[in-house]
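To find a chain, count down the sequence lines: A is the first, B the second, and so on, and within it residues start at 1. Note that the structure is predicted; figures quoted are calculated from it, not measured.
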2 protein chains.
Amino acid sequence: MTRIGSRTTGRPTLAEVARLSGVSPITASRALRGISTVAPELVEKVKQAATTLGYVANPAARALASAQSESIVVLIPSLSNQLFIETLEAVHEVMRPRGLEVLIGNYHYDIAEEENLIRNYLAYQPRGMLLTGFDRSDAAKQMLAASGVPCVHMMELGVQEQGMSVGFSQHQAGGAAAQHLLERGCQRLGFIAAQLDPRVMQRAEGFRQALVDAGRYASELQLLSSQPSSIGLGGELFRQLLAQHADVDGIFFCNDDLAQGAILEALRLGVKVPQQVAMVGFNDLPASAHMVPRLTSIRTPRAAIGRCAAQALLGLLDGKRGTVHNQDLGFELVVRESS
Amino acid sequence: MTRIGSRTTGRPTLAEVARLSGVSPITASRALRGISTVAPELVEKVKQAATTLGYVANPAARALASAQSESIVVLIPSLSNQLFIETLEAVHEVMRPRGLEVLIGNYHYDIAEEENLIRNYLAYQPRGMLLTGFDRSDAAKQMLAASGVPCVHMMELGVQEQGMSVGFSQHQAGGAAAQHLLERGCQRLGFIAAQLDPRVMQRAEGFRQALVDAGRYASELQLLSSQPSSIGLGGELFRQLLAQHADVDGIFFCNDDLAQGAILEALRLGVKVPQQVAMVGFNDLPASAHMVPRLTSIRTPRAAIGRCAAQALLGLLDGKRGTVHNQDLGFELVVRESS
DNA sequence: CTGAAAGCGCTTACAG
DNA sequence: CTGAAAGCGCTTACAG
C-alpha cells in the first residue's frame with residue numbers, strides 16, 4: 001500500500017482510457033476536456049471508459065503540460081472575521097462548478113506574509129487571483145504584474161490603473177454612519193476602531209470628514225487600537241471612552257464585534273442604549289440582530305463581492321475584458337434599536 | 001504578458017539554476033531539497049544561484065516526477081463555525097514551516113460532497129489527509145484506503161481499527177454538562193441542539209445517559225433541530241422550549257451560538273439566568289465570556305486538536321508509526337455566571 | 001475530425 | 001559525492 005519510492009501513482013491514466021475506448025490519448029484528452037472537434041460518438045465512448053476505470057486526470061501532469069493549473073488563488077487577511085468566510089464561500093460557489101480549485105491564502109494582515117504567499121502561489125501557475133484591497137508591497141505588485149496572472153481586487157473600489165475591483169466605498173460607508181448618528185441628534189460623536197487595516201482607516205476618514213462638515217468633529221472621541229478586533233476589546237474600549245468622556249452620546253464602531261462587546265458592556269454598566277449612547281456597528285454580522293438592544297449596523301455585501309469578483313475573474317479568463325472595471329456593490333444602513 | 005498557447009511558464013527552471021552554479025540539474029535538485037549527499041560548498045553555490053534567479057520550484061513538475069505533491073488536505077464540515085477556523089489555523093502553523101501546502105475542503109456537513117472532495121483531492125496526490133470524525137460514505141473510505149494516503153481523524157476518538165485520531169470524548173463532555181447542572185440542583189433538565197452531526201449526537205447521548213443514571217431524564221425536554229446552528233435559532237428554540245415546559249430549570253446547548261441566542265432571548269423575556277434557568281454551552285466560543293450573564297461552557301481544545309493531528313500526520317509521513325493511536329486531549333468545564 | 005511526435009520541469013533509479 | 005538517462009502523465013503544435 002505504501003508507494004514509497006514508486007514513480008507511478010497506481011491510478012488509471014489517460015493512456016488506459018484511450019486504449020479502452022480505442023482512440024489515441026490525444027483524442028481522449030480532447031473528449032474529456034469537452035473540446036468540440038471530437039466526434040460525439042467518440043466523446044461518449046471515452047467518457048464511458050473514463051467512468052469505468054474511475055479515471056480522474058492528474059492535475060500535476062496537466063499543469064506541467066499546459067503551463068497552467070486549474071486553480072485560482074484567493075488571498076484574505078484573516079479567517080477569524082466571519083466577513084471573509086462568507087466571501088470565500090461565495091467564491092467557491094462560482095468556481096467549483098467550473099472545475100476550478102480554490103487555494104486560500106490567509107496573510108494575517110501581514111504585508112510580508114502576503115508577499116510570501118504570492119511568491120509561493122505563483123509557482124502553482126494559478127489561472128487567476130482574487131486579492132483583498134490594494135495595499136501590498138511593491139515586490140508583490142511586481143511579481144503579480146510580471147506573472148501576467150489576471151487579478152481582481154475585492155472589498156475596496158480602485159481606479160482604472162489599479163486593475164479590476166469589486167467592492168463598495170468604505171469612505172462613504174463611514175460617512176453614512178456619521179450622517180445617521182447626526183440625524184438621531186447626537187452631539188458628541190465617538191469612533192471606536194481596532195485592527196486598523198486600510199479599509200478601517202478609509203471608514204474612519206469618511207466618518208471624520210462628515211463630522212468636520214457638520215462642525216461636530218471631536219478628535220478626543222476617536223479611539224483607535226491596533227489590536228485585533230474582538231468582542232472583548234470592544235467592551236474594554238467602550239468602558240475606556242466612557243470613563244474619559246462621559247458626555248459621548250453616539251459611537252460608530254468599525255466592526256460589529258466591537259459594537260457587540262460595547263453593547264454587552266453597556267448592559268453590565270447600566271448605560272442605556274440608545275438613550276444615553278447610540279451605537280452603530282459595521283458589517284451587520286449574524287449576532288448583531290440579536291443583541292440587547294438589537295444593533296444598528298451597516299450591512300456590507302461580502303457574499304456578493306465574492307460572487308461578483310469570481311465572475312469578473314472568469315470573464316477575464318474567457319477573454320471578455322473589462323465589462324465593469326470597478327464594480328460598486330454599495331452598502332445598506334440597517335436601523336435597529338441601538339440608535 | 002499573456003502567455004496564451006505557450007508551453008513554458010517564463011519562470012526560471014532548475015536547469016538554469018544548475019547552469020549558473022556549474023552543476024548538473026540533479027545535483028541542483030538535491031542541494032535545494034536539502035539532501036545531505038551533496039558537498040556543502042556546492043549546496044551553497046546552488047542556493048545562491050537560486051536566489052539570484054528568483055527560482056521557485058514548479059510544484060506540478062515535482063509532483064509529476066515524484067508521484068507526490070507537497071500538500072496535505074484538510075476536510076472540515078463547515079467554515080461558519082469558528083471552531084473549525086481555529087483548528088485550521090493550528091494545522092497551518094504546523095504544516096507551513098515544513099513547506100507543506102494545506103488544501104482546505106469544506107463539505108458543508110454533506111457526506112456526498114465529502115466523497116466528491118476526496119475523489120478530487122486524491123488526484124492531487126496529497127502527502128496526507130486530516131479528516132473530521134469517522135462518519136463518511138463507504139465509497140469514500142474505500143478510496144482513502146486504496147490510495148494509501150496517511151490519514152488522521154480529528155475531533156472524535158476512534159478505536160484502533162479506525163486509524164489514528166486526535167480529539168476528546170464527545171460523550172463524556174455531554175455527561176459533564178449534565179453532571180454540572182445536576183450539582184447545581186437543577187431538576188428539570190433540557191437539551192437544545194441543532195445541526196445534529198455525529199458529534200452533536202454523541203454529546204446528546206452522553207447527556208442523556210447521565211440524566212438517566214440520575215433518574216432525571218425527561219425526553220420532552222430534548223429539543224433537536226436539524227437546521228444549522230445559529231444565534232437566532234438558539235433564541236427561537238429556547239422560547240419554544242420555555243413555552244411548552246415552563247418548569248425547565250437547566251439547559252445544555254450543543255453549541256455556544258445556540259446558548260448565546262438563548263441567553264439574549266432570556267434577557268428580552270425577563271427570564272433570570274441562572275436563577276430561573278441555568279445554561280451551559282459548548283465549545284466556549286469567544287463571545288461566550290462576554291454574554292450577560294457570562295456563559296458557562298465546555299471549552300474544547302480545537303486548536304490543540306489541529307496542532308496535534310498535524311504533528312501526528314507528520315509523524316506518519318516520517319515513518320514514525322503510531323506513537324499514540326487515539327490521542328485524548330480532553331475538555332474543560334468553564335463555570336461562569338449562567339449556571 | 002484525428003493522431004504521432006515532442007516536450008513541460010522536475011525526480012527516480014541506476015551507475016560510477 | 002555526482003551525473004546521464006529515462007520517465008512521470010498530460011497537452012501543445014503541427015500534420016494530414
Side-chain angles (χ1 to χ4, degrees), chain A residues 3-46 50 53-71 99 122-125 127, chain B residues 3-46 50 53-71 99 122-125 127:
Chain A
R3 300 166 288 90
I4 309 275
S6 166
R7 308 206 62 169
T8 59
T9 59
R11 306 170 57 83
T13 66
L14 227 211
E16 299 175 47
V17 173
R19 209 173 306 138
L20 185 60
S21 41
V23 299
S24 70
I26 200 60
T27 298
S29 169
R30 286 197 270 246
L32 258 16
R33 280 181 295 154
I35 289 178
S36 52
T37 64
V38 182
E41 65 250 41
L42 288 188
V43 172
E44 207 39 59
K45 261 192 198 164
V46 171
L53 295 173
Y55 172 76
V56 181
N58 181 331
R62 176 170 280 182
L64 185 58
S66 66
Q68 273 210 335
S69 72
E70 300 290 289
S71 64
L122 244 21
Y124 283 86
Q125 302 166 172
R127 294 287 270 262
Chain B
R3 301 167 287 92
I4 308 274
S6 165
R7 306 207 62 169
T8 59
T9 60
R11 306 171 57 83
T13 65
L14 227 209
E16 299 175 47
V17 173
R19 211 173 305 138
L20 183 60
S21 42
V23 298
S24 71
I26 199 61
T27 298
S29 169
R30 286 197 270 245
L32 259 17
R33 280 181 295 153
I35 288 177
S36 53
T37 63
V38 182
E41 65 250 42
L42 287 188
V43 172
E44 207 38 59
K45 262 192 197 162
V46 171
L53 295 173
Y55 172 76
V56 181
N58 181 331
R62 177 170 279 181
L64 185 57
S66 66
Q68 272 209 335
S69 72
E70 299 291 287
S71 64
L122 245 20
Y124 284 85
Q125 301 166 174
R127 295 286 271 263

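Comparing D:dC10, C:dT2, C:dT11 by their nearest atom to the side chain of B:Arg62 picks out C:dT11. Taking only side-chain atoms of B:Thr8, from C-beta outward, the nucleotide of D:dA4, D:dT12, C:dG9 with the closest atom is C:dG9. Distance from the side chain of A:Leu64 is smallest to C:dC8 among C:dC10, C:dC8, D:dC10. Nearest to the side-chain atoms of B:Ser29 among the listed nucleotides C:dT2, C:dT11, C:dC10 stands C:dT11. Relative to the side chain of B:Ile26, the nucleotides C:dC10, C:dT12, D:dC10 differ in distance, and C:dT12 lies closest. Distances were taken from every side-chain heavy atom of A:Ser66 (C-beta onward) to each of C:dC10, D:dT12, C:dT12; the shortest belongs to D:dT12.
Both A:Leu14 and B:Pro40 lie near DNA chain D, and the one whose nearest nucleotide falls closer to the 5' end is B:Pro40. Of the residues near DNA chain C, A:Pro25 and B:Pro12, the one whose nearest nucleotide (by heavy atom distance) lies more toward the 5' end is A:Pro25.
Rounded to whole Å, the distance from CD on B:Glu70 to P on C:dG9 is 18 Å. In this structure, the CD atom of B:Gln125 is 17 Å from the P atom of C:dC10, given to the nearest Å. Whole-Å rounding puts the A:Leu53 CG to D:dG9 C1' distance at 15 Å. Rounded to whole Å, the distance from CZ on B:Arg11 to C1' on C:dC8 is 14 Å. In this structure, the CG atom of B:Asn58 is 18 Å from the P atom of C:dG7, given to the nearest Å. Distance A:Leu32 CG to D:dG9 P: 16 Å, rounded to the nearest Å. If you take CG of A:Leu42 and C1' of C:dC1, they are 9 Å apart, rounded to a whole angstrom. A:Ile35 has its CD1 atom 13 Å from the C1' atom of C:dC1, to the nearest Å.
Put simply, the side chain of B:Thr13 does not reach to within 4.5 Å of the side chain of B:Asn58, judged on heavy atoms. A heavy-atom distance below 4.5 Å is found between the side chains of B:Leu53 and B:Glu16. Residues B:Leu122 and A:Val56 form no side-chain contact, since every pair of their non-hydrogen atoms from C-beta on lies 4.5 Å or further apart. Between B:Thr27 and B:Val38 the shortest side-chain heavy-atom distance falls below 4.5 Å.
Residue A:Thr37 is in base contact, counting any heavy-atom pair closer than 4.0 Å across all strands shown.
Phosphate proximity of D:dG9 to B:Tyr124: absent, as no side-chain N or O sits under 4.0 Å from OP1 or OP2.
A donor and an acceptor atom sit less than 3.5 Å apart, one in the side chain of B:Arg30 and one in the base of D:dG3.
None of B:Val43, B:Ile35, B:Leu42 except one satisfies the side chain to side chain contact (heavy atoms under 4.5 Å, CB included) rule with B:Arg30; the exception is B:Ile35.
With a 3.5 Å ceiling on both atom-pair distances, the Watson-Crick or G-U wobble partner of D:dA15 is C:dT2.
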